[in-house]
Number of protein chains: 2
Amino acid sequence: MEKPAKPGQQVLVALRRMIADGTIKPGDRIAEIPTAEALGVSRMPVRTALRALEHEGLVVKLGARGYTPRTMDAAAIAGAIEVRGVLEGLAARRVADRGLTLAEAADLEAILAEGDALFAKGHLVDSDLDGFYRYNIAFHDLLIVASGNPSIALALGRNNHLPFASAAALALDWDDLEGEYHHLLKAHDEHRAVFAAIRAGDADQAEQLMRDHAAVAIANRRAFRMLDAER
Amino acid sequence: MEKPAKPGQQVLVALRRMIADGTIKPGDRIAEIPTAEALGVSRMPVRTALRALEHEGLVVKLGARGYTPRTMDAAAIAGAIEVRGVLEGLAARRVADRGLTLAEAADLEAILAEGDALFAKGHLVDSDLDGFYRYNIAFHDLLIVASGNPSIALALGRNNHLPFASAAALALDWDDLEGEYHHLLKAHDEHRAVFAAIRAGDADQAEQLMRDHAAVAIANRRAFRMLDAER
DNA sequence: TGCGGCTCTATTGGATCCAATAGAGCCATG
DNA sequence: CATGGCTCTATTGGATCCAATAGAGCCGCA
């Protein structure tokens, strides 16, 4: 059973891609009719998608003349990452405060073990980057869910679609596996440290570590991958 | 010139009101056709509004059978307020870090002076509650804007529409002006304290104070006002 | 030659119509 | 009598059509 690929979702991810990879640059007008024709659908799903993208903050309304991608300079990206760090920091704090259930602890340990396995052999191969990508998302998502505060996920919803700002947007240099090894291992170690703080019930520490963890994403980035899939 | 009152916006605020005041309760189905007929418009603006409300987190999709208001129990409200506190705390931190411009300092001082004026006579009258309402929003909004991080406002966008969670949702007891005097004065003093920390450049302190300021909203609430106006 | 107003058109927002779909109820059967 | 499948219908999602509107360009006048 492949994806029947509902037109609406299709348009949404298509536009996200185009904005992310620069097919549509800030300043370019996005009008409904040309976009609809280009994608081979009616204006309706395009309208829906543009409204959604506006809510996500990826585009801004251009008066009555359509939309345009939001300009994302370095400061804006840093700001988005900062917001993510603060929100995920809150999640970590909450989890440390309330303590992990047995099931959550087991899940988290299993996820971290995946990470251990990636680095166990001392170097990375191509497929490991994909593995880390999934491991990373799993770790972050689990903490947010375990926080028991759905508003955190809601508030993150906007930022998670911004390029570079999502935990799913890894800063990966596919040509420098050696350098990435240390970079990603550091991230993994930080995950472990957060986990330790949570187990110790040290909420302040857990929050601070999580914030710092997000902050490093601001510094080291050269390439990125977008999260295409919907939640 | 009054508001021509565009149908779309009209429907959006109408639905918000109905959800806020309990006309539509969690569990009730919100279908497009009956809603459209009840409001005297076509299904289209209703559809748009429901999508928007879903993004705001006020309603959840009920499979293919319409929407229903999101259940907001005490824990959910507390969670939303917690998120707001953390985000506004970040804003305060940023402002303290970068320092206020002369214009911002003057604006902020002017806003706080409004607050001073409200409490100067030692008691409150009815119209003062409205005055505080506006003063409070002005203070919070200015800090968020001055933070220079648009992502904060974006992330707050969702929470600000949730009843009880917005800075605009004051906990006011209109029959106990005496009690409210102390309650609101405390909030005002906290604003002053945040301002002082910002002037001193004490980012940690500014953030902590702002978080605590939000937290008190969790405890003291008996009635609330919704923010009807759009940004 | 510059500015203001007017018209004209491109484009969005809303209404109506049509198709796809999933939920509910019913019937048959084990 | 319970359970599984089938059909039927209620309801959303998409397409097309129509109206309102605001931006742009042009023309006239100072």
Side-chain angles (χ1 to χ4, degrees), chain A residues 1-19 23-70 229-231, chain B residues 1-19 23-70 229-231:
Chain A
M1 209 22 116
E2 285 295 299
K3 273 202 201 163
K6 300 236 175 93
Q9 299 293 308
Q10 203 80 0
V11 171
L12 188 60
V13 305
L15 284 176
R16 276 216 206 95
R17 291 197 74 91
M18 288 190 206
I19 293 169
T23 307
I24 312 175
K25 286 179 284 294
D28 296 353
R29 273 183 63 197
I30 309 176
E32 288 181 5
I33 299 176
T35 308
E37 285 173 357
L39 297 179
V41 294
S42 100
R43 280 179 50 211
M44 195 60 103
V46 175
R47 206 143 99 196
T48 308
L50 285 174
R51 296 305 253 292
L53 291 174
E54 188 189 10
H55 278 288
E56 291 172 12
L58 264 182
V59 302
V60 293
K61 222 193 327 239
L62 209 49
R65 320 194 43 216
Y67 294 80
T68 196
R70 172 144 159 258
E230 286 296 273
R231 297 285 157 115
Chain B
M1 49 162 113
E2 286 296 299
K3 273 200 202 164
K6 299 236 173 96
Q9 298 294 309
Q10 204 79 359
V11 171
L12 188 61
V13 305
L15 284 176
R16 277 218 205 93
R17 292 198 73 89
M18 288 190 204
I19 292 169
T23 306
I24 311 175
K25 286 180 285 294
D28 295 353
R29 269 184 65 198
I30 310 177
E32 288 181 5
I33 298 176
T35 308
E37 283 173 358
L39 296 178
V41 293
S42 102
R43 280 179 50 210
M44 199 54 133
V46 174
R47 206 147 94 198
T48 308
L50 285 175
R51 294 305 247 301
L53 291 174
E54 188 189 11
H55 279 289
E56 290 172 12
L58 264 182
V59 302
V60 292
K61 224 191 327 235
L62 210 48
R65 320 193 43 213
Y67 294 81
T68 196
R70 172 143 159 260
E230 288 295 275
R231 296 286 156 116

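Naming: A, B, ... by sequence-line order, numbering from 1 per chain.
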Undergrad: Do A:Ile19 and A:Leu53 touch side chain to side chain, with heavy atoms closer than 4.5 Å?
TA: yes

Undergrad: When the distance from CD of B:Gln10 to C1' of C:dG14 is rounded to whole Å, what number comes out?
TA: 15 Å

Undergrad: For B:Leu39 and C:dG14, what is the distance between atoms CG and P respectively, to the nearest whole Å?
TA: 13 Å

Undergrad: Not counting sequence neighbours, list each pair that qualifies as a ring pair (Phe, Tyr, Trp, His ring centres under 6.0 Å) and has a residue in residues 38-58 of chain B.
TA: A:His55-B:His55

Undergrad: Among residues at least two apart in sequence or on other chains, which ones pass side chain to side chain contact (heavy atoms under 4.5 Å, CB included) with B:Thr48?
TA: A:Arg51

Undergrad: Spell out protein contact along nucleotides 4-13 of chain D as letters: B when the base is contacted, S when just the sugar-phosphate is, - when no protein heavy atom is under 4.0 Å; keep the 5' to 3' order.
TA: -------SBB

Undergrad: In chain order, what residues pass the side chain to side chain contact (heavy atoms under 4.5 Å, CB included) check against A:Lys25, with sequence neighbours excluded?
TA: A:Asp28

Undergrad: Quick one: side chains of residues 33-43 of chain B, donor-acceptor pairs under 3.5 Å with protein atoms, not counting sequence neighbours, listed by atom name and distance.
TA:
{"residue": "B:Thr35", "atom": "OG1", "partner": "B:Ala31", "partner atom": "O", "Å": "2.5"}
{"residue": "B:Ser42", "atom": "OG", "partner": "B:Met44", "partner atom": "N", "Å": "3.0"}
{"residue": "B:Arg43", "atom": "NE", "partner": "B:Glu32", "partner atom": "OE1", "Å": "2.9"}
{"residue": "B:Arg43", "atom": "NH2", "partner": "B:Glu32", "partner atom": "OE1", "Å": "2.7"}

